[in-house]
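A quick write-up on the structure given underneath.
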Amino acid sequence: MTTDNADIANKPAPQRPLAVMLFGAPGSGKGTTGKMLAKLTGWPHLATGDLLREQIARKTPLGLEMQSILASGKLAPDDLVSRMVWDRLGWPDCENGFLLDGFPRTIPQAEGLAHWFQGRLFRPVLIHLWVEYNEILRRLTGRRICPACGAIYHLESSPTRAAGVCDNDGTALTIRADDQEEVILQRLRTYQSQTWPVAETLRTHGVLVEAIDCGEMDPESVADRIVWRLDRIAGSIAKN
Ligand code: ADP
């Protein structure tokens with residue numbers, strides 16, 4: 001951890017808690033980075049993809065409805081995902097700041113979130129993780145996950161010690177249903193058409209947009225850089 005990371009981890013919460021939105025194409029590293037940031041900051045990491053997959057694993061009525069949508073690479077309905085998020089943001093662990101991963105992903109979700117921020121103290125910051133298209137394809141096709149603990153591996157860049165099983169608990173790794181090649185292409189199309197415009201919409205609502213070029217960087221360096229930027233933002237808020 002750099003000195004800057006230590007600063008943000010040990011510092012009392014800024015006057016206006018940060019609401020951080022991790023934004024980027026599928027495979028840009030939102031999930032991995034989000035987990036690291038949660039450790040560094042103590043803020044909850046709220047990933048809508050994980051929340052939806054949890055419902056599917058538990059076979060709840062919502063999960064049963066969502067299963068085929070996720071497997072096709074299309075987006076879950078806005079009202080449903082938004083309700084799930086508003087509910088989660090009301091938990092007390094979000095009061096000092098939170099990390100949203102995979103939300104908002106459409107213009108209606110972005111408008112809804114901008115509305116949610118109105119009259120609340122949070123300082124919203126969108127962190128745009130930039131990764132080049134071919135690198136995204138490489139990452140998504142080699143991704144393997146542990147169904148038990150959620151650890152994320154990659155066949156080439158972060159392999160397990162023993163092939164095919166999780167380093168943490170020895171569970172056999174799986175490929176996410178939506179990491180099949182045709183589905184990956186569908187997810188990237190969905191991203192271009194529906195999610196890409198979200199950053200601009202939020203900017204027009206006064207959200208601070210910070211881009212990080214992270215194609216060449218390992219996940220720890222990306223997380224370090226984000227913490228450094230957030231520390232700057234939190235510091236400038238504290239002076240206001
Ligand atoms: P990735 O960013 O790699 O596509 P996620 O885990 O964030 O992976 O999302 C997986 C799937 O969950 C998406 O393809 C979509 O079907 C669904 N999903 C996640 N977040 C949202 C959202 N905000 N709105 C609608 N659907 C979502």
Side-chain angles (χ1 to χ4, degrees), residues 19-35 37-38 44-58 60 62-89 98-116 124 126-131 133 135-147 150-154 174-199 201-202 207 214 219 222:
V20 176
M21 290 155 269
L22 296 171
F23 183 85
S28 57
K30 302 184 297 289
T32 309
T33 310
K35 287 192 177 90
L37 289 173
H45 169 222
L46 313 175
T48 43
D50 288 348
L51 295 175
L52 290 167
R53 279 188 291 274
E54 210 176 284
Q55 299 281 335
I56 293 173
R58 284 170 40 213
T60 64
L62 172 65
L64 293 174
E65 208 181 313
M66 290 302 107
Q67 192 155 17
S68 62
I69 298 182
L70 262 75
S72 73
K74 302 214 171 96
L75 294 181
D78 285 329
D79 56 338
L80 201 148
V81 180
S82 302
R83 248 184 292 133
M84 196 173 76
V85 171
W86 311 148
D87 178 56
R88 184 60 186 82
L89 293 182
F98 56 83
L99 301 153
L100 269 179
D101 161 359
F103 188 93
R105 229 166 162 116
T106 63
I107 303 269
Q109 291 177 16
E111 298 284 358
L113 187 60
H115 183 75
W116 188 89
L126 183 143
I127 302 282
H128 190 163
L129 305 177
W130 279 88
V131 181
Y133 187 79
E135 170 65 9
I136 283 193
L137 283 186
R138 191 194 69 82
R139 288 184 184 186
L140 291 174
T141 48
R143 178 157 72 181
R144 299 292 180 272
I145 54 166
C146 171
I152 305 170
Y153 299 95
H154 190 277
T174 55
I175 303 182
R176 253 170 58 174
D178 57 353
D179 276 348
Q180 314 295 337
E181 205 156 324
E182 321 81 80
V183 184
I184 289 173
L185 296 178
Q186 172 60 47
R187 283 160 66 208
L188 291 171
R189 279 196 294 271
T190 306
Y191 174 73
Q192 274 306 324
S193 60
Q194 299 193 58
T195 306
W196 177 255
V198 159
T201 301
L202 287 174
V207 172
C214 38
V222 172

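Every number for a ligand or one of its atoms is a count from 1 in the order of the listing.
Atom 11 (C) of ligand 1 has its closest protein heavy atom at L70 CG, 3.8 Å. Among protein heavy atoms, atom 17 (C) of ligand 1 sits closest to L52 CD1, 3.7 Å. Remark: minimum distance from atom 20 (N) of ligand 1 to any protein heavy atom is reached at T48 OG1, 2.7 Å. Among all protein heavy atoms, the one lying closest to atom 24 (N) of ligand 1 is Q109 NE2, 2.9 Å. Considering only non-hydrogen protein atoms, atom 13 (C) of ligand 1 sits nearest to R105 NH2, 3.8 Å.
Atom CG of L52 is separated from atom CD1 of I69 by 9.0 Å, given to the nearest 0.5 angstrom. Here the straight-line distance linking atom CG of L140 with atom CD1 of I184 works out to 4.5 Å at 0.5 Å rounding. Rounding to the nearest 0.5 Å gives a distance of 7.5 Å between CG of L89 and CG of L113. Rounded to the nearest 0.5 angstrom, T32 OG1 and Y153 OH are separated by 11.5 Å.
With a 4.0 Å cut-off on non-hydrogen atoms, D178 touches ligand 1 through its side chain and not its backbone. Contacts between K74 and ligand 1 below 4.0 angstrom, taking non-hydrogen atoms only, involve the backbone exclusively. Both the backbone and the side chain of L75 come within 4.0 Å of ligand 1, judged by heavy-atom distances.
Residues Q186 and S72 form no side-chain contact, since every pair of their non-hydrogen atoms from C-beta on lies 4.5 Å or further apart. Between Q109 and V198 the shortest side-chain heavy-atom distance does not fall below 4.5 Å.
Within the listing of ligand 1, atoms 3 (O) sit less than 4.0 angstrom from a heavy atom of R143. Every atom of ligand 1 is numbered from 1 in the order shown, and the set under 4.0 Å from a heavy atom of V81 is 22 (C), 23 (N), 24 (N), 25 (C). Near G102, meaning under 4.0 Å from any of its heavy atoms, are these atoms of ligand 1: 20 (N), 21 (C), 22 (C), 23 (N). Against a heavy-atom cut-off of under 4.0 Å, F103 is close to the following atoms of ligand 1: 23 (N). Numbered from 1 in the order shown, with element, the atoms of ligand 1 that lie under 4.0 Å from a heavy atom of R53 read 6 (O), 10 (C). Close approach to P26 involves these atoms of ligand 1, each under 4.0 Å from a residue heavy atom: 1 (P), 2 (O), 3 (O), 4 (O).
Looking at Q194, R176, K30, R187, it is R176 that brings a heavy atom closest to atom 5 (P) of ligand 1.
Listed for the T33 side chain is no donor-acceptor partner under 3.5 Å among the backbone atoms of K30. Counting only distance, with no hydrogens or angles, the side chain of R187 and the backbone of D178 share a donor-acceptor pair below 3.5 Å. The main-chain N or O of G102 is found under 3.5 Å from a side-chain atom of T48 such that the two form a donor-acceptor pair. Within the 3.5 Å criterion, the main-chain N or O of R105 finds a donor-acceptor partner in the side chain of T195.
Here's the thing with A76: one of its N/O atoms is less than 3.5 angstrom from an N/O atom of ligand 1. Ligand 1 has no nitrogen or oxygen under 3.5 angstrom from a nitrogen or oxygen of G73.
Between the side chains of Q55 and T60, at least one donor N or O sits under 3.5 Å from an acceptor N or O. A donor-acceptor pair shorter than 3.5 Å cannot be found between the side chains of R189 and Q192.
Residue contacts with ligand 1: Q186 is excluded, as none of its non-hydrogen atoms falls under 4.0 Å. Heavy atoms of M66 come nearer than 4.0 angstrom to ligand 1 in no pair at all.
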